There are 2 protein chains.
Amino acid sequence: MNGTGVGGNVTMHDVAALAGVSVKTVSNVVNDYPHIRPATRDKVQKAIDELGYRMNLSARSLRQGRTGIIGLALPELSLPYFAELADSVIRAAEARGVVVLIEQTGADRQHELDVLTSDRRQLTDGLIFSPLELGPDDADALQVNYPLVVLGERIFGGDWDHVTMNNVDAARAATQHLIDQGRRRIAVVGAHAGETMGSAALRVLGYQAALAANGIPLDPALIIEGGLWHRATGAEGTHRLLDSGVPVDAIFGLNDALALGALHALHARGIDVPGQVAVIGFDDIEDAAYTSPTLSSISPGREQIATTAVDLLLARIAGSTEPYRRVIPDFALIARESTGG
Amino acid sequence: MNGTGVGGNVTMHDVAALAGVSVKTVSNVVNDYPHIRPATRDKVQKAIDELGYRMNLSARSLRQGRTGIIGLALPELSLPYFAELADSVIRAAEARGVVVLIEQTGADRQHELDVLTSDRRQLTDGLIFSPLELGPDDADALQVNYPLVVLGERIFGGDWDHVTMNNVDAARAATQHLIDQGRRRIAVVGAHAGETMGSAALRVLGYQAALAANGIPLDPALIIEGGLWHRATGAEGTHRLLDSGVPVDAIFGLNDALALGALHALHARGIDVPGQVAVIGFDDIEDAAYTSPTLSSISPGREQIATTAVDLLLARIAGSTEPYRRVIPDFALIARESTGG
DNA sequence: CTGTTAGCGCCTTCAT
DNA sequence: ATGAAGGCGCTAACAG
C-alpha cells in the first residue's frame, strides 16, 4: 500500500522510536527548528527516509488551527481574465508554500454572500475574494472573522484589506488613446447604470474625464449598458449600438471580453476595424494579441495584483493587524491593430 | 469575534451541554444519522443555531482520514481549454459536496511527477490529473496509493482510472469536414514527433485516416510540429508552414489555441480565411465563436468529461475497487466561418 | 538542546 | 435511540 504513494500510516512515534529520540525532536526536525544538533537531525532524517514518513497535515491543522490552504473566490474561470488571475494567484501562493482552493460564484449575489460564510471557509486560512455583485450595502457581510482580501473596488468605505488598480486613470488613458487617433464618436460598452463604485462606474468616469479634457461632448446614446462582461454581452451591445444609427468611430469595451464581442459584431456586419471603427479593451488577456485585428487594451498589472493580494493575505494570516488598502498604480496601454492608424 | 464570521471556538461539547444531550447525539444530528427522535434533533438544532456552532473540519479530517477536498492538476489555467475544464470540474464537485484544490504543472515533466507525490496529496482525498508530459515510461509513477483519475490518453497500458475522449474519430471528422469543403492540401499544426499515444498522436492518426479514406496522399511537409499547444505555437508553426512554400488550402490546429494562432498568422500575412485557407480547431473553447472569422472546431464533451471524472473519483474514494476506463464517445463538429464555403 | 504531558475536536467502538 | 471513553497525529508548554 505504501510504495510510490503518499505515506499515511507511519507516525512521528514510529520515526521517534526508530531514531531513538522523542516525538518532539522529530517534530522539531520536520519543522526546521533552529537548534538541533546535526547528529540528531541526521539520525531523525534517516529514520524518516527509511520509513517513508509523511506528516499528517490534518493532525497539524487540528493542532495549530491552520490548513495551509487559501481560498480564491471569483465569478468564473471561463472568463479569461479570471482564469489568468487564478493562474497568477496559484503561482504566487505556491512560491510561498500555500495552496489554493478555488470557488466560483457565477456572479450571483447570493452565491457571493454564501462564499463568505460557507463551511469551506474553515478549510482555508483566509480568502481572496473578487466580487462582482456585492455592493456598498453588503459591507456588513464583509465583516468576517478571518483574513480576507477583497479584489476590485465594488465596495468602498470599509476598512478591510483591499487590492485594486487605478481604473479611472487607466480608462482615461484608453479613451485618450482613441482620441489621439482622431476619434470623436467614442462609444463605451458594458456600463452599469446606477452604480457608483464598481469597475464599470470607475472606468466610465475615466472615459468621461478624457472626453471632457478634450472638449468632446458626452453623448448618452454612446453609453451602452451590459451587465455581465462576457463576449456575448459585448457583441449584443455593439449590435444595439449600431442598430440605433448613432454615428460611431470607436468603441471602448470596458473589458476585453466585451471588446472581443464588439470585434465579433463589427466583423459580422462587415465594418472595418480600425478603418471605420476603432476598438480598445481592458485587461490585456492573452487573446488580445491574437484576434484579427489584434486588440488594443490596458494591461492592469494582473501579476502584481495577484502577488500583492497573496502577500497581504499571508501577512494577515500571520497576525498583522493594520488595515491595508493597496492600489496597484502600474498599468500600461498596449496599442495594437484595432486602434492602429 | 464571532459575528458574521465562520464560527470557530464553540465545540460539540458546548452544543451537547446546552441541548442536554451527549456529544455523540450532536454528532449524529450534524451527520444526518437515520434514527434520531425528532424532539432530540430539534433540541440539538436549536442549540447549534443559538451558539452558531460550525463543525471543525480539521478534527473530522483527522478522525476519518478524509478532507472533502479533491485535487485537480492541470498544465495551466491560462490555456482556455483547461480553464473551462476547471470550471466544469469545480461545478461538478460542488454539486456533489466537495471542493477543488487546483495545482498547475506548467506542462513540466518534473512538476507533473512532483504533483503525484507532493505533501499536498494528503490534503486531498483524491486527484484528477491531466498530464501533458508524462508518457508510457512513467507508468510506475501513476501507481499511487490514493484515488487517481487520469485525463487524456498520454499513458495507456496501466489499469488506473481513466477518462478520455474519442480523439481519433473526432480528428477524422474534422479532417473529413475540410475534405468535404473541397480542400486537399490540409496541413496539421501541433504534431509531436516520436509520440505514439498522446492527444497529438491520436489526432494525427485520425487526420491520416481521413486522408487515406479519401485517397489523398499524405505529405509530410504538411505536418507541422509544435510542442506546447499555445496560440504562439500555432502562429509560429503556421508561419513556418507558409515560409516553406508548400501549397496549402486548409489547416487543422490540433487544438483551438493552435488554430487561433494559425488564424492570427494568416491574418498577418493577408491570407483570406476561408477563401484561401480554411482553418479548423479542436476543443471548441468559447473563443471559437468570437474570432474573426469564427472558428470551426470539435466540441469534445468537456462537461461530460468533467462530471465523469469527478464521479469516478468519488466512487473510488467511496471504496469502489473495479478499474475504470471511460471513453466519452460524444463529440460534435461545430462548423463556423473559418471552414465555410 | 531534548523529553514528557496534555489536549486540539471529532468519530468509532461498545454499552445501555 | 442515546451515553461514555478512547484515540486519530500532532504541537505548545513546560521541564530538565
Side-chain angles (χ1 to χ4, degrees), chain A residues 2 6-48 51-69 119 121-123 125 318-319, chain B residues 2 6-48 51-69 119 121-123 125 318-319:
Chain A
N2 216 358
V6 175
N9 25 24
V10 36
T11 80
M12 269 191 180
H13 282 91
D14 303 327
V15 176
L18 180 59
V21 299
S22 81
V23 284
K24 174 59 180 166
T25 302
V26 178
S27 175
N28 285 343
V29 170
V30 172
N31 293 296
D32 280 325
Y33 245 61
H35 308 295
I36 312 167
R37 219 180 308 159
T40 312
R41 173 185 299 283
D42 289 351
K43 235 180 357 184
V44 172
Q45 191 57 53
K46 245 185 69 184
I48 289 176
L51 296 174
Y53 167 74
R54 313 294 294 268
M55 173 145 57
N56 182 318
L57 296 179
S58 292
R60 168 193 269 181
S61 296
L62 174 58
R63 192 57 242 237
Q64 31 180 59
R66 295 228 213 116
T67 59
I69 305 175
D119 277 338
R121 290 290 65 75
Q122 235 191 108
L123 289 169
D125 297 336
Chain B
N2 216 356
V6 174
N9 24 25
V10 36
T11 81
M12 270 191 180
H13 282 91
D14 303 326
V15 176
L18 181 58
V21 298
S22 81
V23 283
K24 172 59 180 168
T25 303
V26 178
S27 175
N28 284 343
V29 171
V30 172
N31 293 300
D32 280 325
Y33 244 63
H35 308 294
I36 312 166
R37 220 179 307 161
T40 313
R41 174 185 297 284
D42 289 351
K43 239 183 352 190
V44 172
Q45 190 56 54
K46 246 185 69 183
I48 288 176
L51 296 174
Y53 167 75
R54 313 294 295 268
M55 172 143 58
N56 182 318
L57 297 179
S58 291
R60 167 195 268 182
S61 297
L62 174 58
R63 196 53 243 243
Q64 32 181 55
R66 295 230 214 115
T67 59
I69 305 175
D119 278 337
R121 289 290 65 75
Q122 233 190 106
L123 289 170
D125 297 336

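Bear in mind that the values here come from a model prediction, so they are computed numbers and not experimental data.
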From [atom1] of [X] over to [atom2] of [N], roughly how many Å is that when rounded to an integer?
X        : N      : atom1 : atom2 : result
A:Tyr33  : D:dT11 : OH    : P     : 10 Å
B:His13  : C:dC8  : NE2   : C1'   : 12 Å
A:Asn56  : D:dC8  : CG    : C1'   : 8 Å
A:Asn31  : C:dT2  : CG    : P     : 15 Å
A:Gln122 : C:dC10 : CD    : P     : 8 Å
B:Met55  : C:dC8  : CE    : P     : 18 Å
B:Asn28  : C:dC10 : CG    : P     : 14 Å
A:Met12  : D:dC8  : CE    : C1'   : 14 Å

- Within a strict 4.5 Å, meaning less than it, do heavy atoms of the B:Leu123 and A:Leu123 side chains meet?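 No. Closest side-chain heavy atoms not under 4.5 Å.
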- Task: Would you check if B:Val26 and B:Val21 make a side-chain contact, meaning some heavy-atom pair closer than 4.5 Å?
- Result: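 Side-chain contact under 4.5 Å: yes.
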- Could you tell me whether A:Arg41 atom CZ has more than 12 heavy atoms of other residues or ligands within 6.0 Å of it?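 Count over threshold, so yes.
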Would one find a side-chain N or O of [X] under 4.0 angstrom from OP1 or OP2 of [N]?
X       : N      : answer
A:Gln64 : D:dA12 : yes
A:Thr40 : C:dT2  : yes
B:Thr11 : C:dG9  : no
A:Ser27 : D:dT11 : yes

- Message: Taking donor-acceptor contacts at under 3.5 Å, does the side chain of B:Arg60 reach the base of C:dC10?
- Response: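 No.
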- Item | Taking every non-hydrogen atom, the tightest pair across B:Asp119 and A:Leu57 |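 What the structure gives for the nearest pair is O-CD1, 3.6 Å.
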Nucleotide of [options] approaching [X] most closely (side-chain heavy atoms):
X       : options              : answer
A:Lys24 : D:dA12, D:dG3, C:dT2 : D:dA12
A:Arg63 : D:dG9, D:dT2, C:dG7  : C:dG7
B:Ile36 : C:dT4, D:dT2, D:dT11 : D:dT2

- Query: Mapping B:Val21 and B:Leu62 onto DNA chain D by nearest heavy atom, which one lands closer to the 5' end?
  - Reply: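 Looking at the nearest nucleotide for each, B:Val21 comes out on the 5' side.
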- Just checking B:Ser61: base, sugar-phosphate only, or nothing, at a heavy-atom cut-off of under 4.0 Å?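 It contacts nothing in the nucleic acid.
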- Message: Any base atoms under 4.0 Å from A:Ser58, or only sugar-phosphate, or nothing? Heavy atoms, all strands.
- Response: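 No contact.
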- Can you list the steps and then say if A:Lys43 with A:Thr25 is a side-chain contact (heavy atoms from CB on, under 4.5 Å)? CA-CA 11 Å; A:Lys43 235 180 357 184; A:Thr25 302; over 6 Å; no
